[in-house]
Amino acid sequence: MQLPESLIPISQAALEPLNESDILANWPETLRVKLNYVAGLSRFIAETMKTDEHLLQAFPDMVEEQSRCHSYRERLAELLLGCSDEIQGHRVLRQFRNREMVYIAWRDFTGSWSLEESLEHISHLAEAMIFETYQWQYKACCELWGTPCNSEGEAQPMLIMGMGKLGGGELNFSSDIDLIFTYPENGETQGTRRSIANAQFFTRLGQRIIKALDQQTFDGFCYRVDMRLRPFGDSGPLVMSYAALEDYYQEQGRDWERYAMIKARVMGSEMYPQYQELRQMLRPFVFRRYMDFSAIQSLRRMKSMISSEVRRRGLSNNIKLGAGGIREIEFIAQVFQLIRGGREPSLRHRGLLITLEAIEELELLKAGDVGELRKAYKFLRRLENLLQAMADKQTQTLPESDTEQLQLSIAMGYSSWSELMDDVHHHMSAVHQVFKTLIGDEGEEASDVDSHFHELWDMIENQEVIENVLTHDIGVQEPQVMANTILQFKKDLAKKTLGPRGREVLNRLMPKVFSSIYSHPDAEFGLSRVLHLLNKIVTRTTYLELLDEHSAALTQLVRLCTASPMISEQLGRYPILLDELIDPQQLYNPIPLESYRTELRDFLARIPEDDMEQQMEALRQFKQICILRIAAADIAGVLPVMKVSDHLTYLAEAIVESVVHQAWLQIAEKYGEPTHLKDREGKGFGVIGYGKVGGWELGYNSDLDIVFMHDCPVDAYTDGKKEIDGRQFYLRLAQRIIHIFSTRTASGILYEVDTRLRPSGASGLLVSPAEAFDEYQHNEAWTWEHQALVRARMIYGDEPLQQSFAKTRHDVLTLERDEDKLKQEVVDMRIKMRDHLGGKKAGRFMLKQDPGGITDVEFLAQYLVLRFSHEKPKLTRWSDNVRIFETMIAQGVMDEDKAMAITHAYTAMRNQIHRRNLLNLDADVANEKFVPEREMVTKLWSEWLD
């Protein structure tokens, strides 16, 4: 074992503190030689030995053992038995993990065992850590709260399901551990003075286990614990009973959850009897009795999402997620498991290598292909383990520094990086070939493009030729204008740095672009917008390749850019959105209204929960993707204006919920949670939406008018290390929420947020206690604030807060008011608003602020609700104008003809604003537009308010 000259100084520097130790002098010479070699390759091994004298002493005996994994649980249980408190237990866990991981890494770097032995040890270690932590904490929790029992008085265990590679027994070196917690039956604890529900007991137990494994201490941490694969993800309960789990998977389980559940395995062999019942319950969900060929399409979509993620996060050289990487091998194995596992028991194994054996025996793939997959998997998994063991770092991206490249090459048995990369490319190409044959790609083959479109690109330097092609071959009316646009695009390209690959792709792509633009009737608009967008993304070859390889994406790009400069600007600013164009069926079908929350949860599940920067970026990307789909469906005429606003509103609500959750995690980590929440569900926090979000009437560019509310008593404090007043906690929570919304990332801000409608406006409390909000609305609020309350509803909050706000709103709106005074105050506010906001353009009608416009309709609806609700309380039910006018008809406040006419005027003007948003135009039209509608609104205004 010889290190290259350039790595010897690294080894010497790493071992310098150890060479002074007498312990190392007692090591056998052969072992010291190996240490010199390993220290030059793995910072993790050298640094752990440097800080752990016990490990240094014990290591010569440890390394003599060929297998240690079968004694992990016994040894760890004994160590935990001697722990007097949690701090000591956490230390034992971390030291045990680090020492055993050094042993595993040593054997990996010295090549003294097989990949299978390495994976077995890593997986057994994780299982021992998880299960012995469970045993230790279960006992401690029983002492505090009693033993959880069912109705028969039988003690109930908690089962911990390991998912992914942990479940498959093929965990990688620095992996997260994905877990799901469950227990057999509901009931209560027994054996203490005060019993609690089993659900509460197991939730507390689960939290303790996560803390024991995941929390960063002086000794580091054991594993990043990821619980997002559980039903309902982050927003679901931490632990569920068997019955609740079965209900969820039968009624709501999604394709990716079937995919994940294949590898599920209970931790701890003692739990296998209880697990069999659960496994029998879940089997019909995972393995269908019939041949399930829908699995291919499902996996194809998942692969497409992963490819998008690779592009989104710039994950080049990724041996897991890249084309031909580990994930594609897993997909190939699991497509057969999902399609045929219901009929073929040999395909129900969790491990990948044993599944490949079954695929080969059943002759589902050619033997040669299975052999290639097996070799590639072993090669890439070994490479992944060594890459992570260099610094105990969770990564699958190959290093960029020369030193790390050389270290990895030597560890893999190569003398140079180029030799290693040749084999990496060989294996990944072989895998991708099998993957493409089996699962296929998303795109369609581009059709041949007419020769004159090639000429338009090839002869782009010659204006005369360009104009001639545009005139005679394409039949353009104004060839000179278009020729100038094309020539300017070429000049702008000359200022960009394009590599050979970029130029090659552009030469293939541009004739297709011209063909697609000129097949559209509005090519005069499309040309400049599409070329402007291409100019923005031309240095990012990946996106050019996406458009070149997926003709459907190019067609949709041209269609949408031609229809809307707003969309073309969004695509140019955030080219990751181009991924959404690949599947037109998905593009023109926005997410169902009720699914925005679950889709957002799934979207965020791919990103570590503690990576706030990526989480914030992902929120913005999700919003942009959804708005692109909504706008595409809007342009295609699939969604009427009311539905567009519904989608934009439900999207905003899902984002608000997610932002509250993220902000809560950050603030609670620092201060703990307010103590009044101990014996109840929820956060004791609500977000009230006013204006457009309150009225389900959001537009593409709308702000969010929101007010925060809590129900925290004055005497509550938080229960964290850094204790603060409960109400102070909610203030900081609100500030964090605003920060998440307003921070500008690479993908812009999330929403402009306006909180000035809160009690006492900008000078009032940022978060109102529920009782203070009620008192303010009854005793201090101005009439215009009651007008605003008409278009308000709680868009996020616990049930008690929902009820409290609904009661306050109803009580305030149904107060009896002096008709003349109310009328005067509404009219005065309308005049004041028009003077303040109504900038008049000559010869133009301002759709919102001019007489007869949208604001007059809104004020009229608000006036009528405030005027008549004490007699007709049902008028307070809705917060959107259309349903308010429908209720006016039902309650006899307004004639049906008049109510229908004003509703038509209102929706027609809103629709026009939507159209103009898509075209990046202001909300004004020529004076001769909407004349009958404006006259009708003005007439009704006079009838009620003059």
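Keep in mind that this is a model prediction, so the values were computed, not measured. If you read the sequence from its start, that first residue is 1, and numbering goes on from there.
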Look only at the side chain of [X] and the backbone of [Y], and say whether a donor-acceptor pair between them is shorter than 3.5 Å.
X    : Y    : result
Q615 : I607 : yes
R94  : G220 : yes
Q396 : N318 : no
R224 : S174 : yes
Q433 : A430 : no
D214 : V225 : yes
S595 : T598 : no
S123 : L171 : yes
Q337 : H349 : yes
R265 : L166 : yes

Spatial distance of atom [atom1] ([X]) from atom [atom2] ([Y]) [nearest 0.5 Å]:
X    : Y    : atom1 : atom2 : result
M271 : I160 : CE    : CD1   : 8.0 Å
E246 : T182 : CD    : OG1   : 11.0 Å
L356 : K378 : CG    : NZ    : 10.0 Å
S42  : L408 : OG    : CG    : 11.5 Å
Q156 : N186 : CD    : CG    : 9.0 Å
L380 : K320 : CG    : NZ    : 12.5 Å

Nearest non-hydrogen partners of [X] and [Y], listed with the distance:
X    : Y    : result
W106 : I45  : N-CD1, 3.7 Å
L115 : R382 : CD1-N, 3.8 Å
N198 : E185 : ND2-O, 3.2 Å
A126 : Y223 : CA-OH, 3.2 Å
L387 : P399 : CD1-CD, 3.7 Å
P184 : L159 : CD-CD1, 4.5 Å

Quick check on side-chain contact (heavy atoms from CB on, under 4.5 Å): which of L353, L352, I359 does T355 satisfy it with?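 The single option meeting the side-chain contact (heavy atoms from CB on, under 4.5 Å) with T355 is I359.
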
Any side-chain heavy-atom pair from [X] and [Y] closer than 4.5 angstrom?
X    : Y    : answer
P148 : C141 : no
E330 : K165 : yes
S269 : Y275 : no
I332 : L365 : yes
R230 : L245 : no
I262 : R258 : no

Between the side chains of [Y] and [X], is the shortest nitrogen-to-carboxylate-oxygen separation below 4.0 Å, so that they form an ion pair?
X    : Y    : value
E384 : R381 : yes
R374 : E360 : yes
R97  : D392 : yes
R350 : E170 : no
R107 : E65  : no
E127 : R73  : no
E100 : R75  : yes

Strictly by modelled atom types, are [X] and [Y] linked by a side-chain donor-acceptor pair under 3.5 Å?
X    : Y    : answer
N98  : T48  : no
Y248 : E257 : yes
D176 : Q394 : yes
Y103 : R99  : no

Expected list for residues 203-212: side-chain donor-acceptor pairs under 3.5 angstrom, two or more places apart:
{"from": "T203", "atom 1": "OG1", "to": "A199", "atom 2": "O", "distance (Å)": "2.7"}
{"from": "R208", "atom 1": "NH1", "to": "Q137", "atom 2": "OE1", "distance (Å)": "3.1"}

For a ring pair (Phe, Tyr, Trp, His ring centres under 6.0 Å) check, start with the C-alpha distance between H124 and Y72, then their side-chain angles and the critical distance, and finish with the verdict. CA-CA 7 Å; H124 271 65; Y72 282 152; 7.4 Å; no

Could you tell me how the ring of F131 sits relative to the ring of Y134: parallel (under 30°), tilted (30 to 60°) or perpendicular (over 60°)?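 Aromatic pair F131/Y134 classed tilted.
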
Over 60° means perpendicular and under 30° means parallel, so classify the ring planes of F202 and Y183, tilted if in between.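 Geometry flag for F202 against Y183: parallel rings.
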
Determine, step by step, whether I104 and E117 satisfy the side chain to side chain contact (heavy atoms under 4.5 Å, CB included) criterion, reporting the C-alpha distance in whole Å, the side-chain angles of both residues, the deciding distance to 0.1 Å, and the verdict. CA-CA 9 Å; I104 292 167; E117 288 174 294; over 6 Å; no

Steps toward side chain to side chain contact (heavy atoms under 4.5 Å, CB included) verdict (F201, M158): CA-CA 10 Å; F201 176 91; M158 185 172 83; over 6 Å; no

Take atom CD of E363 as the centre, draw a 6.0 Å sphere, and report whether it contains more than 12 heavy atoms from other residues, nucleotides or ligands.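 Counting other residues, nucleotides and ligands, CD of E363 stays at 12 neighbours or fewer.
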
Given ring pair (Phe, Tyr, Trp, His ring centres under 6.0 Å), test F336 with F331 step by step and report yes or no. CA-CA 9 Å; F336 289 115; F331 273 16; over 10 Å; no

With a 3.5 Å cut-off and sequence neighbours excluded, list the donor-acceptor pairs that the side chains of residues 232-243 form with protein atoms.
{"from": "S235", "atom 1": "OG", "to": "F232", "atom 2": "O", "distance (Å)": "2.9"}
{"from": "S241", "atom 1": "OG", "to": "A244", "atom 2": "N", "distance (Å)": "3.2"}
{"from": "Y242", "atom 1": "OH", "to": "Q274", "atom 2": "O", "distance (Å)": "2.8"}

Please assess K393 against F44 for the test side chain to side chain contact (heavy atoms under 4.5 Å, CB included), listing each intermediate value before the final yes or no. CA-CA 9 Å; K393 188 177 171 189; F44 164 66; over 6 Å; no

